[in-house]
> 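Sending over a structure as structure tokens; questions will come in a sec.
What's counted below: heavy atoms across the whole structure, side chains too, no hydrogens, waters or symmetry copies. None of these values were measured; they are calculated from a predicted model. Throughout, residue positions are numbered sequentially from 1 according to the sequence presented.
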Amino acid sequence: MKFPESAIELLSSGVIVHMATVDVDGKPHVTCAWADVDADELRIATMFDQRKLRNLRRDPRVTISATSNVTNDFGLREY
């Protein structure tokens with residue numbers, strides 16, 4: 001996946017992301033994770049026995065969201 005420069009900058013800043021994976025029963029599992037970008041790959045920190053890793057091995061679909069420290073003209077933090 002090709003990440004926009006703004007996403008690379010945010011994900012390379014040490015931001016913690018909210019990460020949603022798919023559980024065995026199809027329900028979302030949301031957790032926080034450290035993330036980074038290396039070339040065109042998203043990297044997520046996890047331990048070998050964590051549920052999010054088991055979910056990813058079974059079903060690679062994932063959604064992440066992150067909030068930056070940048071405040072826009074309306075006084076809202078960007079994401």
> For the hydrophobic clusters of this structure (ILVMFWY residues joined by side-chain heavy atoms under 4.5 Å, transitively), does one cluster hold both Ile44 and Ile8?
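Yes, same cluster.
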> Only distances under 3.5 Å count here; give the side-chain donor-acceptor pairs of residues 24-34 to other protein atoms, sequence neighbours excluded, each with its distance to 0.1 Å.
| residue | atom | partner | partner atom | Å |
| --- | --- | --- | --- | --- |
| Asp25 | OD1 | Lys27 | N | 3.0 |
| His29 | ND1 | Arg51 | NE | 3.3 |
| His29 | ND1 | Arg51 | NH2 | 3.4 |

> Quick one: which residue pairs count as a side chain to side chain donor-acceptor pair (under 3.5 Å) with a foot in residues 13-22, not counting sequence neighbours?
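Sorted result for residues 13-22: Thr21-Asn55.
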> Please, which pairs that meet salt bridge (Lys or Arg N to Asp or Glu O under 4.0 Å) have at least one residue in residues 6-19, sequence neighbours excluded?
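Sorted result for residues 6-19: empty, none.
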> For residues Met19 and Leu56, determine if any side-chain heavy atom of one lies less than 4.5 Å from a side-chain heavy atom of the other.
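Sidechains of Leu56 and Met19: in contact.
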> If I compare all heavy atoms of Val15 with all of Thr67, which pair ends up nearest, and what's the gap?
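Nearest heavy atoms, Val15 then Thr67: CG2-O, 3.8 Å.
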> I want to check something: taking the side chain as every heavy atom from C-beta on, are Val17 and Ser65 in contact at a cut-off of under 4.5 Å?
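No. Closest side-chain heavy atoms not under 4.5 Å.
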> Just jot down the salt bridge (charged side-chain N to carboxylate O under 4.0 Å, His left out) partners of Arg43, sequence neighbours excluded, or say none.
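Arg43 satisfies salt bridge (charged side-chain N to carboxylate O under 4.0 Å, His left out) with Asp38 once adjacent residues are dropped.
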> Just how far is it from atom CZ of Phe48 to atom CG of Leu53, taken to the nearest 0.5 Å?
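Output value for this atom pair is 10.0 Å.
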> Applying side chain to side chain donor-acceptor pair (under 3.5 Å), can you list everything that pairs with Gln50, at least two apart in sequence or on another chain?
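Expected list: Thr46.
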> Drop me the distance from Asp23's CG to Lys52's NZ, to the nearest 0.5 angstrom.
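The NZ atom of Lys52 is 13.0 Å from CG of Asp23, to the nearest 0.5 Å.
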> Give the other cluster members for Phe74, using side-chain heavy-atom distances under 4.5 Å between Ile, Leu, Val, Met, Phe, Trp and Tyr residues; answer none if it is isolated.
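Grouped by the 4.5 Å side-chain rule, Leu76 form the rest of the cluster around Phe74.
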> Report the C-alpha distance between Val70 and Leu10 in whole Å, list the side-chain angles of each, state the deciding distance to 0.1 Å, and finish with yes or no for side-chain contact (heavy atoms from CB on, under 4.5 Å).
CA-CA 10 Å; Val70 176; Leu10 177 60; over 6 Å; no
> I'd like to check the side chain to side chain contact (heavy atoms under 4.5 Å, CB included) partners of Pro4; sequence neighbours left out, ordered by chain and number.
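Only Ser6, Ala7 meet the side chain to side chain contact (heavy atoms under 4.5 Å, CB included) criterion with Pro4.
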> Under the salt bridge (charged side-chain N to carboxylate O under 4.0 Å, His left out) test, which residues partner Arg61, sequence neighbours left out?
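With sequence neighbours excluded, Arg61 shows a salt bridge (charged side-chain N to carboxylate O under 4.0 Å, His left out) to Asp59, given in chain and number order.
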